[in-house]
Enquirer: 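Below are the structure tokens for one structure; questions will follow.
Below, chain A is the first sequence line, B the second, and so on; all start at residue 1. Side-chain atoms are counted along with the backbone in the values below, which use heavy atoms only and exclude waters and symmetry mates.
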Number of protein chains: 2
Amino acid sequence: MFKPVTLKEVAAKAGVSYQTVSKVINSKAKVSPETEQRIWDAVAELNYTPNYSGRSLRQQRSKTIGYTWEPSPQDQANPILDEFLQSMFHAAEEKGYYLLSFPFHTEEKKLLDTYRELYYTGRVDGFVLSRLNYGEASVPYLLQRNIPFVAFGRLEEDDHSFPYMDVDGARGIAQAVEHLVELGHRKIAALAWPDDSRVGNNRLEGYFSGLTKAGLATDPRLVVRGEGTAEVGSEATGHLLSLPEEIRPTAIVSMNDLMAIGAMQAVRNAGLQPGRDIGVTGFDDTPTARYLTPPLTSINQPVSAIGKNLMKRLIELLETGSYPEPKCELVAPSLVVRESTAGYRPAS
Amino acid sequence: MFKPVTLKEVAAKAGVSYQTVSKVINSKAKVSPETEQRIWDAVAELNYTPNYSGRSLRQQRSKTIGYTWEPSPQDQANPILDEFLQSMFHAAEEKGYYLLSFPFHTEEKKLLDTYRELYYTGRVDGFVLSRLNYGEASVPYLLQRNIPFVAFGRLEEDDHSFPYMDVDGARGIAQAVEHLVELGHRKIAALAWPDDSRVGNNRLEGYFSGLTKAGLATDPRLVVRGEGTAEVGSEATGHLLSLPEEIRPTAIVSMNDLMAIGAMQAVRNAGLQPGRDIGVTGFDDTPTARYLTPPLTSINQPVSAIGKNLMKRLIELLETGSYPEPKCELVAPSLVVRESTAGYRPAS
DNA sequence: CCTCTCTAAGCGAACGTTCGCCTTAAGGAT
DNA sequence: ATCCTTAAGGCGAACGTTCGCTTAGAGAGG
């Protein structure tokens, strides 16, 4: 495609052997200052750029990290993708690494094959995984083959068999509950996910622990589970609002923003005003949360910090052979208070 | 990191020279069926995977495409990122290519340097650009150096100096106008972007042509320009609704969803009901559009088709040296009608 | 029996690096 | 004068491929 400038050409111009040029470029040289200057001049003049394939063939490393993720359904934006990617490749670039992204295959075998191929062809040195759930096959697959990786998320609460960072979802939801209690709520419901979701279960735990900490009883009738969509959120809320007065909730804690959006619609459909009559909270702090009517109180995840840190750790692993401690880390999300809770004006 | 299996090992096992193994693997061999079988057996048994660096060093191509994009601000999700990326790497994978993504540098020189480095080190064979605007420096930079690329978007209306695909924004907005006219609207306003945005200007043209086609006069007082945020959309709409009765619009066409969200809030603030009293349309069909109250009529871009096609063209360029015709292509977006317009019930 | 052709496979070279060891010359110490 | 040390840089090899030319042998044609 283009005429590549090689070490040999630079060497010829500078009047030294090409291996010496290599040494100078990699600053491993015992060379006189004048020679070094001549070499750098030649490099600049010829616009020399070290060839990537040659280098990685010799060094047996690609300085490339692989990443794939499950695509979001059409009606559900991935709220963290852009930020997560950007943070990762900025961190990577600092160390001379790049990110190779590749298709996510739903078929498990095909996905694992892709991991295998990318690693054993030497296209990537390691991987970043994300959005893990119970029984994720990639983790044992990679562990078993000693393929380096780090993860955003974990498989089980107390698993330390591989390096990860994760958001302390329970803590986030507990904060939301605490916030609602402070506003005067005593009957707080939860819109939860199906119990095959580790993230969902973890968040739901925060609901229970938050209530307990506030000295409130938990009531199984106030916990509704379903797919995390607006439709489910809406239906579930309709049901909650039709409960008899003495247990009917005055606030709803939802495990993601989408269900919270549905909840607010249902509140409105019931002739009530979300925010003023019924407090609603979400999780994820999606960009549109602030533009809803009323703006939605939600929980923000420190995505950039996680991406940056994960990448740093992975590269450290690749270059030194071991992770910086701690191997696994939980980070706290932060509650963003908006009108959907702050506007509470009890009717009584 | 791992013990790579090489051609030589396979060859030893199969009892042939390693070059012959190479030929068989690349199906360029004149080899007896039995030998071929022996070789494939050895490949399977040793789990041989051709080394990427070796291959690309020899072939002088990386089978990798570079892509970077401007990160979205925190409060504004990139509505097409996930879909665009996924469509590109599926198309790429089919041809044995992968996507390398790298940090977007706002500082122009640094961005161009990154392009240069990635290409001349041989890390990538070409690029995909996106979201072009007037005066985008990367385009002449790449053209001048003969670096292969394709773009999502264009620089000027009738530029054919480089290969691109773009959405016919004017046509999309014209469709929205036509739709509103059919519903009975006669006074239609536009929320437009600052005039340094090519995309914005293109969409706005559709507003004018739509009106003209419907035999309606255009009124400069009904066009408000500003950054495409919800705040601006809200303010501008407040202003429009305060116009004297005879020119006050009954519908608002907005150049993106975010401004439309703001517009609906302003309509509500004015004591009116968006959808029923004032029609509102957006552009982009962001995932949340359907969850707004009322659900927002918007314009959907065929992102997947574009990503797939762009990738296909770029690879064709890389492998054959020329693009499939047509070099530049416009595709029509589609109007998605929802309550924010369909609910129109004129007061009179 | 000799030459020609064809098939199956071998072989040398090259792609652009980096790595570690070797050589050379100069200078200082003995 | 001899030996040792050190600085400066050369040199061969290897990383894993692919490419194109060569060769051995078999069969065909005269």
Enquirer: Among B:Val24, B:Val21, B:Val10, B:Val31, exactly one meets side-chain contact (heavy atoms from CB on, under 4.5 Å) together with B:Val16. Which residue is that?
Expert: B:Val21

Enquirer: Which distance, rounded to the nearest 0.5 Å, do you find between the CD of B:Glu93 and the CE of B:Met311?
Expert: 11.5 Å

Enquirer: Within this structure, what is the CG-to-C1' distance between A:Asn51 and D:dC15, rounded to whole angstrom?
Expert: 13 Å

Enquirer: Closer than 4.0 Å, any side-chain N/O of A:Ser22 to the OP1 or OP2 of C:dT17?
Expert: no

Enquirer: State the OG1-CG distance between A:Thr64 and A:Leu118, to the nearest 0.5 angstrom.
Expert: 10.0 Å

Enquirer: OG/A:Ser138 to CD/A:Glu108 distance, rounded to the nearest 0.5 angstrom?
Expert: 7.0 Å

Enquirer: Can you tell me if B:Ser53 touches the phosphate of D:dG16, counting only side-chain N or O atoms and a distance under 4.0 Å to OP1 or OP2?
Expert: no

Enquirer: Mind checking B:Thr121 for me? I need base, sugar-phosphate or nothing, with any heavy atom below 4.0 Å counting as a touch.
Expert: nothing

Enquirer: Counting any heavy atom closer than 4.0 Å, what does B:Thr6 reach on the DNA or RNA strands: base, sugar-phosphate only, or nothing?
Expert: sugar-phosphate

Enquirer: Do we see a donor-acceptor contact under 3.5 Å between the side chains of B:Thr68 and B:Tyr115?
Expert: no

Enquirer: Answer yes or no: does a side-chain N or O of A:Lys28 lie under 4.0 Å from OP1 or OP2 of C:dC19?
Expert: yes

Enquirer: Please give, in whole Å, the distance from D:dG16 P to B:Arg61 CZ?
Expert: 22 Å

Enquirer: Rounded off to whole Å, could you give me the CD1-to-C1' distance for the B:Ile25 and D:dT18 pair?
Expert: 12 Å

Enquirer: Look only at the side chain of B:Thr121 and the backbone of A:Thr49, and say whether a donor-acceptor pair between them is shorter than 3.5 Å.
Expert: no

Enquirer: Nearest-Å distance, CD (A:Gln59) to P (D:dG16)?
Expert: 14 Å

Enquirer: Could you check how far CG of A:Leu7 sits from P of C:dC19, rounded to whole Å?
Expert: 12 Å

Enquirer: Using five base pairs at each end, measure the axis-to-axis angle across the helix from C:dC1-D:dG30 to C:dT30-D:dA1 and round it to 10 degrees.
Expert: 70°

Enquirer: Between A:Thr6 and A:Tyr18, do the side chains contain a donor N or O and an acceptor N or O under 3.5 Å apart?
Expert: no

Enquirer: Between A:Tyr52 and C:dC15, is there a side-chain N or O to OP1/OP2 distance below 4.0 Å?
Expert: no

Enquirer: Starting at CD of B:Gln37 and ending at P of C:dA8, how long is that distance when rounded to a whole Å?
Expert: 16 Å

Enquirer: How close or far is atom P of D:dG16 from atom CD of B:Gln60, stated in whole angstroms?
Expert: 18 Å

Enquirer: I'd like to know whether NZ of A:Lys308 has more than 12 heavy-atom contacts from other residues, nucleotides or ligands below 6.0 angstrom.
Expert: no

Enquirer: Take the protein atom CG of A:Leu57 and the nucleotide atom P of C:dA14, then report the distance between them rounded to whole Å.
Expert: 17 Å

Enquirer: Taking N or O atoms only and anything under 3.5 Å, show me the protein contacts with nucleotides 6-13 of chain D, one pair per line.
Expert:
unit_1	atom_1	unit_2	atom_2	d
D:dG9	OP1	A:Thr35	OG1	2.6
D:dG9	OP2	A:Ser32	N	2.7
D:dG9	OP2	A:Thr35	OG1	3.4
D:dG10	OP2	A:Ser17	N	2.9
D:dG10	OP2	A:Ser17	OG	2.9
D:dG10	OP2	A:Thr20	OG1	2.7
D:dG10	O6	A:Lys23	NZ	2.5
D:dG12	N7	A:Gln19	NE2	3.3
D:dG12	O6	A:Gln19	NE2	2.8

Enquirer: Could you tell me the separation between the CG atom of B:Leu112 and the CD atom of B:Glu107, rounded to the nearest 0.5 Å?
Expert: 10.0 Å

